[in-house]
Amino acid sequence: MNVVKIAIIGAGFSGLGAAIKLRQEGIDDFVILDRGQNFGGTWRDNTYPGAACDVPSHLYSYSFAPNPTWSRSFSEQPEIHRYINNVAAKNDLESYTRWNTEVTGIVWNEADGQWVITTSAGEYRANFVIAGVGPLCEPKLPDLKGIDDFAGEIFHSARWNHDYNLEGKRVAVIGTGASAIQIIPELAKKVGRLDVYQRTAAWVLPRLDRPYSNTESWAFKNIPGFQTAARAGIYASRELVSFGLTHAPGVLAPAKVLGKQNIARGISDRKLRAAVTPKWKVGCKRILLSNTYYPALNQANVDLVTDPIKEVTTTGIVTADGVARDVDAIVVATGFHVTDSPAFEHIIGKDGSSLAQVWESTGINAYKGTTVHGFPNLFLMVGPATGLGHTSIIYMIESQLNYLVDYLKLQRKYDIARVEVRSDVQHDYNVGIQKNLKSSVWETGGCASWYKDVFGNITTLWPGFTFRYRHITRKFDLAAYDTSSAAATGARTSAAPVTSHPATETVTS
Ligand code: N01
């Protein structure tokens, strides 16, 4: 058994960022547990052809680890993966990390004031857990009749089989989301025939992607402030979108025009143009970016199939109209278990209920997207209502890291052994979140999306400007929490109430 002060689950952007902050705070008694073999999380796992970020890299990177050598505006997966591993190496984090360590249970032991973490490589105990498992870690397979019997090659976009040669083959792609629209143009170049199964068309806007010129690269490296200014410019332009998404979907009307122009530029056939034109408002689902997706659909070797899938047979896919299309391989690009992540079942709180069970009755929610009543000494990274559709999630992660660091300072100052958010505070906070979401395009835009949980509440997205989130996470508000000191560890109630701290906050954007 291994005992540490803090266990970090996951070595992606969240876990790595947390580890760097711990070291900066002089904390060395921690471990990072990850089922993979190197840093990167979702950027390690998603190696499909065409994988790239749709937020420019000067913003989609840590503010405390700027990279002046990004080769282009929107980086591709290998470059982002390299960046993450370089940051880890510079901060000397390899020795803190246990690879090939799949976490199977995280159980709070009230008597000991510890989390008991079971893994594929033994047991760990920690006073504090930072869960950085990420919302995009568990591939979601479609519940299609017969899919298990398909005799050809089949894999999920996040588990790409690079050993299988798709050259010249007959291939089906199920899904037309963010991953699929990056995969399809790459496959269209090399497969014999490609069937694209679209359930709902997405708004796809032009992608302003280009390599940086030598002059720009030189300036990023050598002119003080140039990279920071670029980052600020990208941030500001993306925040404008958030106003439209949250408060005034009408503001996004020009995006619809751009989307329609993108369709018209890429597709010549009128029927095909109509088939890919969404019937819901821009922004209701994630706005996608591509210059190559529509031209790929326009290719002679590519077919868009809009009839619903009836079943998968041993040789291919049959649609509701009775047409059977045989294929050699199926690529499943159907997303991730976001609101029903298996990770929620593994985390068991003070009452013996899992996070999944608690959220089944209350709906998915947390205080400031980070702490949950009943789950002491647990920080969720990219927790409920912190996701974004328009800008860099790293900005939200860094906001949470500020909150974490401030907590660690207070923890030391007041010798806190146990911290648990008050249920009334968590409740009021989430009433505020849901109120702010009412006028959002995610609510009013006329689409179904995985942004919503089983109660129909949007539980994944942050409503409003991200600087509001930065503001409410700048200080750890102890008044929102029940705490007990090290001397009183084991007590269930607040043993060391702290009164001289900022009042609890609700959200207004
Ligand atoms: O998954 P998705 P994704 N039968 O859930 C369809 C991030 N990301 O992997 O819209 C048929 O968006 C589904 O159809 P519908 C980003 O946060 C980021 O593409 O539900 N079709 C949809 O078309 C993104 O939001 C980057 O009707 C089925 C598709 O599958 C998140 O990852 C790049 C189906 C799923 O789309 C997930 O993206 C890539 C079924 N049974 C991804 N079930 C960046 O650049 C689902 N679909 C940062």
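Order of listing sets the numbers, starting from 1, for every ligand and every atom in it. Keep in mind the model is a prediction, meaning the values are calculated, not measured.
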Inset, instruction - Please work out whether any backbone atom (N, CA, C, O) or any side-chain heavy atom from C-beta onward of Ala333 is under 4.0 Å from ligand 1, and answer side chain, backbone, both or neither. - result: backbone
Legend entry - Close N or O approach (Ala178, ligand 1; < 3.5 Å): yes
Legend entry - Those atoms of ligand 1 less than 4.0 Å from some heavy atom in Gly175: 6 (C), 23 (O), 29 (C), 30 (O)
Legend entry - Heavy-atom check, side chain of Phe150 versus side chain of Val327, under 4.5 Å: yes
Legend entry - Close-contact set for ligand 1 against Ile174 heavy atoms, below 4.0 Å: 11 (C), 21 (N)
Legend entry - Which residue and heavy atom of the protein sit nearest atom 41 (N) of ligand 1, plus the separation: Pro142 CB, 3.4 Å
Inset, instruction - Tell me, please: is Gln182 in heavy-atom contact with ligand 1, that is, under 4.0 Å? - result: yes
Legend entry - The one among Arg286, Lys140, Lys285, Arg199 that brings a heavy atom closest to atom 10 (O) of ligand 1: Lys285
Legend entry - Short side-chain donor-acceptor distance under 3.5 Å, His58 and Asn67: no
Legend entry - Min N/O separation Ala52 to ligand 1 under 3.5 Å: yes
Legend entry - Top protein contact for atom 1 (O) of ligand 1, by heavy-atom distance: Gly335 CA, 3.1 Å
Inset, instruction - Going by heavy-atom distance to atom 9 (O) of ligand 1, choose the closest among Cys447, Ser449, Ser179. - result: Ser179
Inset, instruction - Please write down residue, atom name and distance for the protein heavy atom closest to atom 45 (O) of ligand 1. - result: Asp54 N, 2.7 Å
Legend entry - Protein heavy-atom partner closest to atom 27 (O) of ligand 1 - residue, atom, separation in Å: Thr200 OG1, 2.4 Å
Inset, instruction - Answer yes or no: does an N/O atom from Tyr197 fall short of 3.5 Å to an N/O atom of ligand 1? - result: no
Legend entry - 4.0 Å heavy-atom contact, Ile309 with ligand 1: no
Legend entry - Tyr48 neighbourhood, listing ligand 1 atoms whose heavy-atom distance to it stays under 4.0 Å: 33 (C), 39 (C)
Legend entry - Thr246 vs Phe465 side-chain heavy atoms within contact, under 4.5 Å: no
Legend entry - Identity of the nearest option to atom 46 (C) of ligand 1, non-hydrogen atoms only, from Val332, Thr334, Leu136: Thr334
Legend entry - Taking atom 5 (O) of ligand 1 as the reference point, the nearest protein heavy atom with its distance: Trp450 NE1, 3.0 Å
Inset, instruction - Starting from atom 36 (O) of ligand 1, locate the nearest protein heavy atom and write down its residue, its atom name and how far away it is, to 0.1 Å. - result: Gly177 CA, 3.6 Å
Legend entry - Protein heavy-atom partner closest to atom 23 (O) of ligand 1 - residue, atom, separation in Å: Thr176 N, 2.9 Å
Inset, instruction - Enter the distance from Arg72:CZ to Arg210:CZ here, rounded to the nearest 0.5 Å. - result: 9.5 Å
Inset, instruction - Could you verify whether a donor N or O on one side chain and an acceptor N or O on the other, from Asp34 and Thr97, lie under 3.5 Å apart? - result: no
